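The structure appears right after this line, and notes come after that.
Worth saying up front: this structure is predicted, and the values here are computed from it rather than measured. Below, all heavy atoms of this structure are taken into account, side chains as well, without hydrogens, waters or symmetry copies. Throughout, a chain's letter reflects where its sequence line sits, starting with A, and its residues are numbered from 1.
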Amino acid sequence: MTGPLPPGADLRAPSRHLRPAIRAVDLVKVHGRGDAAVRALDGVDLAVPAARFTAIMGPSGSGKSTLLHLLAGLDNATSGQVLLGDTELGACSDAQLTALRRDRIGFVFQAFNLLPQLTAAQNIELPARLAGRRPDRAWRDTLVGLLGIGDRLTHRPTQLSGGQQQRVAVARALLGRPEVVFADEPTGNLDTASGHELLHLLRTSVRELGQTVVMVTHDPVAASFADEVVLLRDGRVAGSVPDPRPDSVLSALSALSGARAGI
Amino acid sequence: MAAGAAGALLAETRRRPGRLLLTGLAITVATVFAAGTLLFGETLRSYLGATSVETPDTVAAVVMPDRLPEDARADLDGRVSSVDGVAQAVELRELYPTVGGAGAATTWRVTSDPMTGPLTRLSAPPVRGTLPAGLDEVAVGEGTAKRTDLAPGDTVTLSAGAGAPQTVTVTAVVPLDDGGLNSLVTTPDAMSALGGFLEQVDVAADPGVDPAELAARISAALGAPDAARTGSEQRAAELADGSASVSAVLVGVGVFAALALVAASVIVASTFRIVLTQRRTQMALLRCVGARRGQVVRAVLAEAVVTGLVAGALGVGLALLAGYGLVAAMRASGMQDVPGLVVWWAGLAGVLVVAVLATVLAALAPALAAARIPPVAALGVADASDAGTPRAGRRIAVAAVLAVAAGGLAALALGVARTSDELAMLVVAGSGIVAFGALIVIGPVLVRGLVAVAGRPIAAIGGASGRLAVANAAQVPRRTAATISVLALGVGLTSALLVGVSSVRAGAEQNIAEMFPTDVVVATGDAEGAAALAARLAADPRLTVRADGPAVFVDPAPGVAEDEAREAVEQGASGAPGALVQYAGDVRDQVEETLAIAQLIGFGLVGMTALVAVVGVGVTLTLSVTERTRETGLLRAVGLSRRGVRSMVAWEAALTGAGAAVVGAVLGAVYGALGMQVLGLATSLSLPILTLTGLVVGVVVVAALAAMAPAVRAGRVPPIRALQEA
């Protein structure tokens with residue numbers, strides 16, 4: 001499933017040849033109204049392939065966070081569609097969206113991933129508990145072993161380092177075998193070593209567990225861990241970088257800035 | 001510079017006035033109660049003062065028999081009449097006999113009146129009939145006639161003391177201010193014959209005689225220097241007496257108003273702690289830009305002053321509004337003699353000052369804590385307030401000392417009980433306050449136990465929401481404990497009241513059972529009369545009859561309804577002169593009625609503390625929900641439904657309510673029992689287990705209801721808030 005991309009892939013239609021885990025069709029999001037209205041997303045078309053690690057990048061204000069919120073069912077689009085598998089998110093009620101986030105999506109945020117009043121183990125099992133399901137203990141133990149947090153399960157978040165907290169969040173995201181895991185600047189609050197460790201773990205989950213991961217980041221090094229980088233500018237998809245390396249991502253980004261400067 | 005720091009914080013308050021109202025809400029409720037007590041008390045004082053003056057203006061002097069030796073009280077009216085300058089002297093006698101023949105036998109008031117002349121207290125001629133003149137004639141008060149259907153020509157039996165019941169005839173219905181007590185009026189001679197107690201002698205003066213001189217002359221004639229005083233002195237004394245009874249009531253109600261204010265202070269201290277922690281960054285920023293600790297403390301206290309002023313003024317205003325509204329509504333519904341509201345502005349200002357002081361005192365500890373926030377916190381992220389493990393060891397030690405002190409006071413109260421009931425009850429109250437203090441200190445430690453005990457069943461019933469609620473409560477043990485203590489205070493007062501009422505009821509039942517071996521007891525003049533009456537009643541197959549001495553004991557025959565038996569007894573006894581029929585059921589009804597009124601008043605008093613406590617649950621949860629916005633967002637993001645969020649908040653309230661209900665019910669029952677013991681009513685001590693259980697369940701439900709507004713608010717938090725900065 002993780003074969004190399006064919007050379008010369010179309011920059012404007014990223015990875016359409018693979019079965020998409022989630023798709024955005026002409027997605028528009030307007031914040032505010034009247035004179036204060038800001039068009040955060042201006043017609044985004046995107047298909048995220050399954051079992052791949054996709055990074056979304058772009059300058060600040062490009063709409064990358066807004067896009068993540070809409071894809072993850074955390075916010076409602078002004079127009080356009082988001083399709084998770086065959087489910088159109090815009091047609092879901094609040095209750096359906098809640099269940100969908102709980103059962104079919106996983107999250108890793110930049111900070112504040114864990115409830116301070118629960119232990120690490122309780123945080124990991126939270127979505128399953130919320131669904132009233134008994135968590136899959138064998139799978140949990142596998143994940144916990146993989147993430148190296150086996151001796152931290154009874155600790156509360158305040159007793160964990162930033163890197164440990166993020167790994168607990170990854171375990172929570174992966175426990176339900178979701179269709180997509182969304183990560184919003186997951187390394188933003190970590191030192192370089194912990195950040196790289198976390199990115200390795202995310203990539204491992206894609207390579208070895210067949211997980212689909214979508215990550216928003218502004219760090220070219222972090223983006224280089226992905227299979228593909230989608231570039232966003234002014235609320236639109238402005239291109240993609242297959243098989244990214246830090247330098248190729250950097251040059252693509254500076255090309256974007258140049259394009260904005262009017263070249 | 002202090003003004004600068006204070007100004008910065010107050011600017012925040014101006015920006016979000018809603019939060020100030022929320023912080024002060026408990027104070028507002030307590031102030032409404034305190035100000036309302038004052039308004040009600042002053043109005044009642046002026047009204048009762050006016051109505052308690054009974055001696056008419058025509059009385060120039062009065063003689064007080066209790067200032068004469070007992071053997072010098074004979075023929076007082078005759079002896080006073082012969083004093084120079086006395087136009088007329090009339091004895092005023094009073095008697096409280098049991099009256100039969102007009103419905104159920106109850107205690108009435110019988111007073112004497114000259115019926116005519118300057119000294120009569122009747123304000124108008126009879127409404128019907130002619131004024132009584134003979135020894136066996138009486139007039140009935142207008143209100144009493146209405147209640148009992150008595151009319152001129154009817155007869156009633158009066159039974160007082162050991163003597164045989166006397167039959168008297170009603171000759172007139174007269175206007176009489178009877179204050180709701182059934183009343184008869186008869187002539188001084190008739191009262192003398194009935195054995196009425198001599199209260200005073202009213203004296204009318206000849207024209208031109210100085211009342212002071214007259215009083216002195218009368219005293220001299222009677223041989224006791226202060227036996228007489230002037231009419232105006234007497235009226236002044238009556239006014240003071242009337243107000244004094246109100247003052248005593250006011251002191252009692254004031255104690256409960258103070259309790260409500262204490263409860264409000266605990267809530268305010270808790271809310272200030274939460275609000276200040278939420279503004280931790282702001283405080284740290286103030287320190288960063290150069291505010292000294294003292295300035296931060298002063299700034300917080302300035303905010304407390306503003307909060308207290310606004311909340312207190314709102315409370316006083318609401319009380320005034322309620323007072324005027326109530327008077328207007330009562331007048332509109334036809335109660336024309338409702339007195340106008342008496343507003344004592346200085347007193348209300350005092351209430352406002354107390355409200356401000358209570359708020360400032362409550363804010364003191366949180367202010368000191370806020371001043372300890374290091375400047376560097378300006379750069380950090382705010383933690384949950386009241387978080388962390390409580391210092392259990394110190395708390396347990398202090399609470400143990402307080403508990404021992406409370407126990408010592410309780411033992412002291414039992415010892416003092418032999419000398420003075422009042423003093424003993426005061427010591428019991430003191431012990432209760434110390435116990436409450438112990439509860440506040442040990443609270444955060446207790447919360448851990450509560451969570452351990454209640455956590456499992458709540459998780460079992462409430463699922464994930466329940467589990468999260470328990471975790472939330474455990475995360476902020478101090479806050480949870482403050483809410484629980486205040487709610488426990490309300491529940492404790494209520495349960496003490498329930499135990500008291502239940503015990504008094506049981507005691508009354510015992511008494512009734514002793515007084516009434518049978519359902520009906522007929523008292524007659526002598527054994528022969530009793531035997532004759534018993535024979536007559538026994539002829540009726542509906543009755544079981546037994547005569548014993550001058551009394552006849554009657555039970556309904558098996559299978560005969562109470563009403564039917566009553567009819568049979570009344571038929572049979574109607575011809576017997578001087579027979580006084582008493583029904584156990586009537587006495588029981590009367591006791592129940594009195595108890596119901598006492599219970600209602602009691603609930604009104606403790607209800608205020610309970611209301612403050614429930615407001616405390618709502619306010620604390622609202623602030624907690626605001627504080628946990630990001631956490632709620634995260635929960636929504638990872639899949640907790642809106643309903644789940646709402647029930648999480650409700651479960652937290654229910655957990656708080658359950659803890660408070662159990663602690664409060666137990667402590668209240670203990671103190672209720674202690675109070676009964678001290679008052680010597682312990683023989684009939686009764687624990688109303690069922691009612692107390694109902695109370696516990698009710699408190700849990702009410703707490704959950706108080707969580708409704710914050711629950712809805714929490715449910716509205718969008719999942720996207722998890723990604724935003726706090």
Side-chain angles (χ1 to χ4, degrees), chain A residues 29 31 65-66 68-70 72-76 93-119 122-133 135 156-158 169 172-173 175-176 178 181-186 188-189 216, chain B residues 380-389 447 451 455 459-477 479-480 624 627-648 652 715-726:
Chain A
K29 177 68 180 181
H31 289 300
S65 285
T66 306
L68 182 92
H69 298 167
L70 294 185
L74 290 170
D75 203 357
N76 296 317
S93 69
D94 183 78
Q96 287 168 324
L97 270 185
T98 302
L100 181 139
R101 285 194 303 265
R102 188 182 67 206
D103 301 333
R104 297 173 64 184
I105 289 177
F107 290 102
V108 182
F109 300 128
Q110 175 175 0
F112 199 73
N113 266 297
L114 309 176
L115 288 176
Q117 58 267 52
L118 302 182
T119 62
Q122 286 170 333
N123 266 294
I124 293 172
E125 292 172 359
L126 186 58
R129 293 283 184 198
L130 290 177
R133 279 194 301 266
R156 288 185 196 276
T158 46
R172 181 190 66 205
L175 183 65
V181 168
F182 290 99
D184 183 14
E185 303 271 13
N189 274 11
V216 161
Chain B
V381 185
D383 293 328
S385 43
D386 304 329
T389 33
V447 166
V451 162
I461 309 168
S465 294
R467 208 182 298 258
L468 286 166
V470 173
N472 280 347
Q475 188 199 12
V476 283
R479 185 186 310 171
T480 308
S624 293
E627 186 177 272
R628 292 186 183 132
T629 303
R630 271 188 97 187
E631 292 170 37
T632 308
L634 179 62
L635 280 168
R636 294 281 286 126
V638 299
L640 185 61
S641 66
R642 210 169 274 202
R643 231 174 91 184
V645 170
R646 284 197 289 259
S647 61
M648 174 180 76
E652 189 177 347
R716 290 209 190 106
V717 173
I720 203 162
R721 284 300 297 270
L723 288 86
Q724 292 162 352
E725 288 300 315

Review point. Which one, A:Glu185, A:Arg172, A:Gln122, leads in non-hydrogen pairs under 4.5 Å with chain B?
Key: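 So the answer, after comparing A:Glu185, A:Arg172, A:Gln122, is A:Arg172.
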
With chain B as the partner, which of A:Leu100, A:Asp184, A:Thr98, A:Asp75 has the greatest number of non-hydrogen pairs under 4.5 Å?
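Sorted descending by pairs with chain B, the first entry is A:Thr98.
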
inquiry  = Between B:Arg467 and chain A, with a heavy-atom cut-off of 4.5 Å, which part of the residue counts as in contact: side chain, backbone, both or neither?
reply    =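 Looking at B:Arg467, just its side chain touches chain A.
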
Rounded to the nearest 0.5 angstrom, the CG-CZ distance for B:Leu640 and A:Arg101 is 9.5 Å

* Run the salt-bridge test on B:Arg636 and B:Glu631 with the 4.0 Å N-O cut-off and return the result as yes or no. => no

query: Which heavy atom in B:Gly639 sits nearest to a heavy atom in A:Leu130, and how many Å separate them?
result: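 Closest pair (atom of B:Gly639, atom of A:Leu130, distance): C-CD1, 3.7 Å.
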
For A:Arg156 and A:Pro116 the tightest heavy-atom approach is CD-O, 4.0 Å

Does CZ in B:Arg643 sit with more than 12 non-hydrogen atoms of other residues, nucleotides or ligands closer than 6.0 Å? no

Handout entry: Between B:Ala637, B:Ala464, B:Gly644, the one whose heavy-atom pairs under 4.5 Å with chain A are most numerous
Key =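 If we count pairs closer than 4.5 Å to chain A, B:Ala637 comes out on top.
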
Bottom line for A:Leu126: the part with an atom under 4.5 Å from chain B's heavy atoms is side chain

Is A:Leu114 in contact with chain B via its backbone, its side chain, both, or neither, using a 4.5 Å heavy-atom distance?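 Answer is backbone: N, CA, C or O of A:Leu114 sit under 4.5 Å from chain B.
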
